[in-house]
> 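Just dropping this structure here.
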Amino acid sequence: VACHRVRDAGQGPSTLVVAHLNHLLRGEDSDADAIFVHRLAADRGLAGEIERADVARIARESGQNLEATARLLRYRFLATVAQRHRLQHIATAHTQDDQAETVFLHLLRGTGLTGLAGMPHQRPLIEGGDGQLILLRPLLGVSREVILAHCHDYQIPYREDVSNQSTDYLRNLIRHEILPRLEAVNPAIRTGLARMADLVREEDQYLEVRVDEIEDWEAADGSLLLPSLKGLSPVLQRRILRRWLVQRRGSLARIASTHLVALEQLLARGQSGQSVVLPGNLNVRREFDRLRLSAAGSCASEVDTPVPSPLPLLPGVPCRVGDFELVLVHPGNAEAAISSIPASLGEECVDGRRRWSLPLPTGLPLDSLFVRTRRPGDAYQPGPGRYTFKLKTLFIRHQIPCSERDTYPVIVTGEGAIVWVPGLPVATGWTCLSPSTSDPPGAVIEVVKVPKLASQTGENRVQYRAGLKRR
């Protein structure tokens, strides 16, 4: 009604659409509400969009909270209506009392600044495409009492949701019993809570800007890089942790303060291999200097396939194992190289890709090299030492994450002896040549790790780039 009057005064939007979603929770009362909204829109010559959703059934099937499911379906419906009519704004009738109840509800459950900030006066509901869809709450600064008095004075009809009277819901208990008792101590408690929310929101927004200024805390594969948080205040570390969770999960829904505290401890004092289980069957695991989110109970990468048998490492034929591309390059055969970057001893990082090159001495059996993934009991003697170490021990010492080990390339001879694993020492007898050596290498094994994108889905990741069939 208020928007309609503003439009008629020539100060509002030229197009208004009234939208109502029947939640089917209150039988005839729900139907009566829908009929009321339809008639109200028709009496004022406005387009009306009325739809139905079986919220209780959907909540049951999804295992979600009834109120959360109703909110999700309601906003999804409003966004659909707005897009159908090519509108850019949605206005809801949340009041100052709603704001006070929301802040107090968050306070009872345990929250940080974001929760104490309550509902913003406006926020993007959908971003991207042809623009933004903005959710507006124009009555957030007006009390419910003032709005009801206005409806009475101007004889504006309205309906009340009878379920709002039931104290079985925590919000209604706050509304009808807790806040009225607090008003005996401070009659302006609702106004005070709403004003506090506005102040906290400003500080919350400032901290979000500070997080925007911090770079390189998320790897290409979606893991959280802990070295980038070093030196930051605990406040900013928590902010980055929360933002990382939102980006990986989609939201903080069902994430309680106890989960966040456990994650903060994992970030600050956790050891590699320790993890925290989150709602939704998810697991945050610490892997040396990073945190990784995956399905609970899974350590190995979900999208990679270990190599069941050794693949021949043929000259000039690149092959792929997990996230690694390998090629055996003879001197002068530059066309077969994975990268145009000249081969060099050791490891380097170019354009976000880690790259290893192993020059091999002449006179070694280069025509019988194979690549596979790890096997139980794998061990070898790293040069120039005299002792044999298990491959698992070397993986731990060199901080190779558990989730990558099953698809890490292991280069072996035809007899099965380990020659080299990228990032680990070379086996005795296959030691890299010194860069100062004048004799050219007999060949070079080049390896590039291709970062896995955070959005990447599963596929067969063991393949020859040149179309060579596996043997």
Side-chain angles (χ1 to χ4, degrees), residues 227 272-273 287-289 306-307 310-316 318-319 321-333 336-339 341-350 353-402 404-449:
S272 184
E287 295 181 344
F288 301 107
D289 63 347
V307 181
L311 302 172
L313 195 56
L314 303 175
C319 69
V321 176
D323 292 323
F324 297 82
E325 285 192 352
L326 305 91
V327 68
L328 179 64
V329 183
H330 282 290
N333 190 9
I338 294 175
S339 167
I341 304 166
S344 61
L345 180 64
E347 176 185 346
E348 58 187 353
C349 186
V350 180
R353 296 186 174 192
R354 294 171 66 192
R355 179 179 180 274
W356 298 265
S357 294
L358 175 63
L360 299 172
T362 56
L364 294 178
L366 302 181
D367 57 347
S368 60
L369 292 178
F370 296 80
V371 59
R372 61 169 172 82
T373 47
R374 67 171 177 169
R375 293 177 176 175
D378 268 346
Y380 72 102
Q381 181 179 322
R386 296 178 298 169
Y387 300 99
T388 298
F389 292 90
K390 289 184 177 180
L391 184 57
K392 178 180 179 180
T393 300
L394 294 173
F395 273 148
I396 294 173
R397 286 188 179 181
H398 291 267
Q399 299 191 354
I400 307 301
C402 170
E404 297 180 7
R405 294 174 194 170
D406 281 344
T407 54
Y408 223 78
V410 179
I411 298 168
V412 297
T413 65
E415 291 74 31
I418 294 178
V419 173
W420 181 49
V421 178
L424 303 187
V426 184
T428 299
W430 296 81
T431 306
C432 298
L433 297 175
S434 168
S436 60
T437 301
S438 57
D439 295 332
V444 176
I445 300 176
E446 289 193 2
V447 182
V448 173
K449 184 177 182 184

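As the structure is a prediction and not an experimental result, all values here were calculated from the model.
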> Measuring from atom CG of Leu326 to atom CG of Leu314, what distance do you get when rounded to the nearest 0.5 angstrom?
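The distance works out to 12.0 Å.
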
> Should the ring pair Phe324 and Trp356 be called parallel, tilted or perpendicular, given that the plane angle runs from 0 to 90° and is split at 30 and 60?
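Plane angle between 30° and 60°, so tilted.
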
> Please examine the side chains of Leu369 and Ile445, heavy atoms only from C-beta on, and report whether any two atoms are closer than 4.5 Å.
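Side-chain contact under 4.5 Å: yes.
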
> In plain terms, say whether Glu404 and Lys449 are close enough for a salt bridge, that is, a side-chain N and a carboxylate O under 4.0 Å apart.
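A salt bridge links Glu404 with Lys449.
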
> The criterion is side chain to side chain contact (heavy atoms under 4.5 Å, CB included); which residues satisfy it with Ser272, sequence neighbours excluded?
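Side chain to side chain contact (heavy atoms under 4.5 Å, CB included) list for Ser272, sorted by chain: Phe288.
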
> Of the non-hydrogen atoms in Pro401 and Glu287, which two are nearest, and what is the gap between them?
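Residues Pro401 and Glu287, closest heavy atoms: CB-OE1, 3.0 Å.
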
> With sequence neighbours left out, what residues match Arg374 under salt bridge (Lys or Arg N to Asp or Glu O under 4.0 Å)?
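Scan of Arg374 (salt bridge (Lys or Arg N to Asp or Glu O under 4.0 Å), adjacent residues dropped) gives Asp406.
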
> So do the side chains of Val421 and Leu391 get within less than 4.5 Å of each other, counting heavy atoms only?
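Yes, close enough: below the 4.5 Å cut-off.
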
> Sequence neighbours left out, what pairs pass side-chain hydrogen bond (donor to acceptor under 3.5 Å, both in side chains) with at least one residue falling in residues 380-401?
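Passing the test, one end in residues 380-401: Gln381-Thr428.
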
> Quick one, Cys319 and Val327 - any side-chain contact, counting heavy atoms below 4.5 Å?
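No, too far: nothing below the 4.5 Å cut-off.
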
> How many angstroms lie between atom CG of Leu394 and atom CD1 of Ile400, to the nearest 0.5 angstrom?
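Going from the CG atom of Leu394 to the CD1 atom of Ile400 covers 10.0 Å.
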
> Give me the atom names and distance for the closest heavy-atom approach of Ile418 to Ala379.
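Result for this residue pair: CD1-O, 4.0 Å.
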
> Identify the two heavy atoms, one from Val371 and one from Pro409, that lie closest to each other, and give their separation to 0.1 Å.
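Nearest heavy atoms, Val371 then Pro409: CG2-CB, 3.8 Å.
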
> So Glu325 and Pro318, do their side chains get closer than 4.5 Å, heavy atoms only?
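With C-beta onward as the side chain, the pair stays apart.
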
> I need the Asp378 CG to Phe389 CZ distance, nearest 0.5 Å.
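Those atoms lie 15.5 Å apart.
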
> As an exercise, state the distance from CG of Leu358 to CH2 of Trp420, rounded to the nearest 0.5 Å.
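These two atoms lie 5.0 Å from each other.
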
> List in chain and number order the residues that pass side chain to side chain contact (heavy atoms under 4.5 Å, CB included) with Phe370, two or more places apart in sequence or in another chain; answer none if no residue qualifies.
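With neighbours one apart ignored, the set is Pro310, Pro312, Val412.
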
> Are any of the side-chain heavy atoms of Pro315 and Val329 separated by less than 4.5 Å?
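They are not in side-chain contact.
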
> Does Val321 reach the side chain of Thr373, with side-chain heavy atoms less than 4.5 Å apart?
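Contact flag for Val321/Thr373 side chains = yes.
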
